[in-house]
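The structure under discussion appears below in the form of structure tokens.
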Amino acid sequence: MATGRTTKAELIDAVYEKVGGFSKKEAAEIVDAVFETMKEVLADGEKIKISGFGNFIVRRKKERVGRNPQTGKPIPISARRVLTFKPSQVLKVALNPHRERPGDVDTARGSASASDAGRSDPFGSAAPLTGTASRHTTH
Amino acid sequence: MTKSELIEAVADRAKITKTRAELVVNCVFDTMTESLERSEGIEVRGFGSFTVRHYKAYKGRNPRTGKTVEVPEKRLPFFKVGKELRQLVDQGAEDEPGGGRAADSTSPRAGAAGGVSTDG
């Protein structure tokens, strides 16, 4: 079913073939159950975290003034809730298999400690201070 | 809701075991990930669509150190919410105590999105 675009029909086929043990009709009902459940949860304003894939987050937008791009007239945009998707790191890496991330390169080279030491480290100096402070307060 | 909570909800709803529901939920998201890996879009009517956006390499800046860094080209998944789900999410706000949007049907959002129906 190479249509160039994956639709629910392909997801149903995948469940039917790879999971097995369901009729096509059952596979369709279960895939529907997945998306219907997600829709209901998101409609309630709750976010959904799918580890390895990403997070669906409901954001609350305040009322703001927009503009009609054709006339330039200001028009109010009412407060609303919108849905955003934040892909997981795993998914981003899956889409960029040959890409070295700067963070990875640093640790792979073992140079992370050297370059970190060069930066001012607020915690390094703060730690003894808190120690002193707690001594003063306890005694 | 986490993936495991979704699995439980799907098991309840479809009257199948949690083990089976887990296989199904994993299969759905694995299949979607594989599509995106092939740069193939996904379209689920009433829910939304995923596309893969290609970004060219550019010179960026580490905001903390101000150092210039080469950002290599990359692909990122992009989700566009479907019409039905967009309305469901927005309407939910009306039931929220104090989370109010002024309930109005004259809001310009219908025209603003300009979506060529990826949604039913």
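Just so we're on the same page: letters track the sequence lines, and every chain starts at 1. Note that the structure is predicted; figures quoted are calculated from it, not measured.
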Sort out for me which of [options] touches chain B most, counting heavy-atom pairs under 4.5 Å.
options                    : answer
A:V82, A:V90, A:L83        : A:L83
A:E46, A:E26, A:K86, A:K8  : A:E46
A:V31, A:L11, A:D32        : A:L11
A:N68, A:V19, A:T84, A:I12 : A:V19
A:K92, A:K47, A:E29        : A:K47

Heavy-atom proximity to chain B below 4.5 Å, by part of [X]:
X     : value
A:F53 : side chain
A:E36 : both
A:F56 : side chain
A:I48 : both
A:V58 : side chain

Between [options], which shows the greatest number of heavy-atom pairs under 4.5 Å with chain A?
options                    : value
B:I16, B:N26, B:V71, B:V52 : B:I16
B:A14, B:S4, B:S35, B:A9   : B:S35
B:I42, B:V69, B:T51        : B:I42

Could you check whether atom CZ of B:R38 has more than 12 heavy atoms from other residues, nucleotides or ligands sitting under 6.0 Å from it?
yes
Under 4.5 Å heavy-atom distance to chain A, tell me which part of [X] shows up: side chain, backbone, both or neither.
X     : answer
B:S39 : neither
B:E73 : backbone
B:L85 : side chain
B:R13 : side chain

Could you tell me whether the side chain of B:Y55 reaches within less than 4.5 Å of the side chain of B:R53, counting heavy atoms only?
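Yes - at least one pair of side-chain heavy atoms lies under 4.5 Å apart.
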Taking the side chain as every heavy atom from C-beta outward, state whether A:I30 and B:R20 have any pair of such atoms under 4.5 Å apart.
no
B:R86 side-chain N/O to B:V81 backbone N/O, donor-acceptor pair under 3.5 Å
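No, because the side chain of B:R86 does not come within donor-acceptor range (under 3.5 Å) of the backbone of B:V81.
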Steps toward salt bridge (Lys or Arg N to Asp or Glu O under 4.0 Å) verdict (B:K59, B:E70)
CA-CA 5 Å; B:K59 282 193 174 69; B:E70 292 285 343; 3.4 Å; yes
Would you say the side-chain atoms of B:E22 and B:T19 include a donor-acceptor pair closer than 3.5 Å?
no
Of the non-hydrogen atoms in [X] and [Y], which two are nearest, and what is the gap between them?
X     : Y     : result
A:T7  : A:E10 : N-OE1, 2.7 Å
B:R61 : B:G66 : NH1-O, 2.6 Å
B:K74 : A:N96 : CA-OD1, 3.2 Å
B:K18 : B:I7  : O-CG2, 3.6 Å

Does A:K24 form a salt bridge (Lys or Arg N to Asp or Glu O under 4.0 Å) with A:D13? I'd like the steps, not just the answer.
CA-CA 8 Å; A:K24 267 272 173 76; A:D13 281 346; 3.5 Å; yes
